[in-house]
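Notes follow once the structure below has been shown.
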Amino acid sequence: MSRPFNFSAGPAAIPEEVLQQAANEMLNWGNSGMGVMEMSHRGKEFISIYEAAEADLRELLAVPANFKILFMQGGGLAENAIVPLNLSKGGTADFVVTGSWSQKSFKEAAKYAHNHLAASGEASSYTSIPDAASWQLSSDAQYVHICSNETIHGVEYQELPDLKALGCDAPLVIDFSSNVASRPLDWSRVGLAFGGAQKNIGPAGLTIVIVREDLLGHALDICPSAFNYKTVADNNSMFNTPPTWGIYMAGLTFQWLKRQREGELTGVAAMEARNKAKADFFYDYLDHSQLYVNKVDKACRSRMNIPFFLRDESRNEAFLAAAKERGLLQLKGHKSVGGMRASIYNAMPMEGVRALVDFMQDFERTSA
Ligand SMILES: *Cc1c(COP(=O)(O)O)cnc(C)c1O
């Protein structure tokens, strides 16, 4: 029996091979007689799982040696506080607000830093990203925060800003919750990247933080020890019990990613080619349709989350019901934006996007 295609924004679809392997190993991992959830995080079995996951992620994302990879908890929203607690030194933090998620980051950080809004996409209803040359960056910013892919509004940076070229020495912080591992990342432009796992990597409960070493050790005194990046780094993410199941599942996803091929390309580069093909195909269909529309500026359309609207919104409920009937799940848009949203992360194959477009054509035809 083949499974339906799941377009959830998060927690989102996980590759079937990964789920199958986890099921096979559920009661007895590697002949240890234990399931992963039952193991000591300090035992040799789990340490081997942790070390492989860390090494595979480092390889997949080409993370330089002077960056630490931390496996934490609390999700993206907790990082909205944890980042300023660690990086702001109580000084200024700059934000570029391009949708709901960077807006939330901006609001939360104000408890710990002097926030400055360097640029906002609000005037365009968050359908475009303000040109980096127009950003009003502070001369004393401790860091500059952006969200590399706005999961709700469907806008994505096609290239990360080069702060040095803009005359700014502050480290760039990116919330990459919803596009991590979907494309290669230029670490020369980044000081810290964080993301919850539940969009593109595994189950909810694991948060990935990748931070340049020189940014460790500056936390405010009020920073909880378990959220102090230096403490977490010094203890190899085992100051407190890490989310062991999430790390294991992420590790299986990393192995799956390493097996992916597109022509000559492997790993994240292969995913980028596949993600681009999927998104181009879907946007091209939307742009030529009479019934459906996407409102995002073509220069910053997300490859991961594609919001779209029926021109006749009275047909929304019928659309969702008919989609479900065809095995196309969780297409309802976020309540703050409305309409529909197709999230097509790494785990969504091209066949899923084709099945969605086939359905949408049929729906348009039968309801014309
Ligand atoms: C989902 C998401 C978050 C929130 O993650 P939580 O795990 O719910 O805290 C933050 N940022 C982005 C870009 C997201 O997509």
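Only this structure's heavy atoms are used, side chains among them; waters, hydrogens and symmetry mates stay out. Read the numbers this way: they start at 1 and go in the same order the structure lists the ligands and their atoms.
Side-chain atoms of N6 and Q330 form a donor-acceptor pair, as typed in the model, at a separation below 3.5 Å. In this structure, a donor-acceptor pair under 3.5 Å is absent between the side chains of T127 and D297.
Within the structure, the salt bridge (Lys or Arg N to Asp or Glu O under 4.0 Å) test picks out the following pairs touching residues 226-248 (sequence neighbours left out): K230-D234.
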Quick one, F176 with Y157, criterion ring pair (Phe, Tyr, Trp, His ring centres under 6.0 Å). Give me CA distance, side-chain angles, the key distance, then yes/no.
CA-CA 11 Å; F176 67 175; Y157 287 81; over 10 Å; no
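Hydrophobic clustering, with ILVMFWY side chains joined whenever heavy atoms are under 4.5 angstrom apart, keeps F7 apart from Y345.
Looking only at side-chain heavy atoms (C-beta outward), D287 and K298 come within less than 4.5 Å of each other.
Each of G75, G76, L77, W101, C147, N149, T151, D175, S177, S178, Q198, K199 has a non-hydrogen atom positioned under 4.0 Å from some atom of ligand 1.
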